[in-house]
Amino acid sequence: QVQLVESGGGLVQAGGSLRLSCAASRRIFSLYTMGWYRQAAGKQRELVASITTGGRANYADSWKGRFTISRDNPKNTVYLQMNSLKPEDTAVYYCNPIDDLGLALGYWGQGTQVTVSS
């Protein structure tokens, strides 16, 4: 049974920063690209950023320059550093492994809530 545990969310003011963490199994981190997703109320889940097993990061254009994804394989953890947060960033953030076709594998955890006040 694959477990993904997201943490680091919270309430911050606009312009503030948060660092999200996702801890998973060694197997996941050794085999799969990891992605950070978010889902705002009333909206579909969307991919924010991903990072390959070799450390190659990819970002959607909307988040380039503000968000940084990284991974620490010995700790089986992927991070999302979020800076210059905006109220529009308010969402539940999830991590999940991504297959070779760019699809999430469905190991959705509880996520971590990020709320950005205006």
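Under the side chain to side chain contact (heavy atoms under 4.5 Å, CB included) rule, Phe67 has a single partner from Leu20, Asp89, Asn83, which is Asp89.
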Problem - side-chain contact (heavy atoms from CB on, under 4.5 Å) between Tyr94 and Gln39, worked out - result: CA-CA 8 Å; Tyr94 304 88; Gln39 186 168 23; 4.3 Å; yes
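Summarising the geometry of Ala91 relative to Arg38, their closest heavy-atom pair is CB-CB, 3.9 Å, with the distance given to 0.1 Å. In this structure, Asp72 and Pro74 approach most closely via the heavy-atom pair OD1-CD, 2.9 Å. Nearest heavy atoms, Val78 versus Cys95: CG1-CB, 4.4 Å. The two residues Trp36 and Cys22 come nearest to each other via the heavy atoms CZ2-CB, 3.6 Å. Heavy-atom minimum distance, Gln81 versus Ser17: NE2-CB, 3.9 Å. Minimum interatomic distance between Asn96 and Ala104 (heavy atoms only, all atoms of both residues): ND2-CB, 3.2 Å.
Rounding to the nearest 0.5 Å places CG of Leu85 at 6.5 Å from CZ of Arg66. Put simply, OH on Tyr107 and CD on Gln3 are 12.5 Å apart, with the number rounded to the nearest 0.5 Å. Separating the CD atom in Glu6 from the CH2 atom in Trp108 is a distance of 9.0 Å, to the nearest 0.5 Å. The line from CG of Asn76 to CZ of Arg71 is 9.0 Å long, rounded to the nearest 0.5 Å. To the nearest 0.5 Å, atom CE of residue Met34 and atom OG of residue Ser70 are 12.0 Å apart. Going from atom NZ of Lys86 over to atom OG of Ser118 covers 14.0 Å, rounded to the nearest 0.5 Å.
Connection of Leu4 to Leu80 is established within a shared hydrophobic cluster, with ILVMFWY side chains joined at heavy-atom distances below 4.5 Å, either directly or through further cluster members. Taken together through direct or relayed side-chain contacts under 4.5 Å among Ile, Leu, Val, Met, Phe, Trp and Tyr, Met82 and Val92 form parts of separate hydrophobic clusters. Note: the hydrophobic cluster containing Ile69 also contains Leu18 (ILVMFWY, side chain heavy atoms under 4.5 Å, direct or indirect links). Side-chain heavy atoms closer than 4.5 Å link hydrophobic residues (I, L, V, M, F, W, Y) into clusters, and following such links, possibly through other members, connects Leu31 to Ile51. No single ILVMFWY cluster, assembled from side-chain heavy atoms under 4.5 Å apart, contains both Ile98 and Tyr59.
Arg56 and Asn58 share no side-chain donor-acceptor pair at under 3.5 Å.
Within 6.0 Å of CD in Gln113 there are more than 12 heavy atoms belonging to other residues, nucleotides or ligands.
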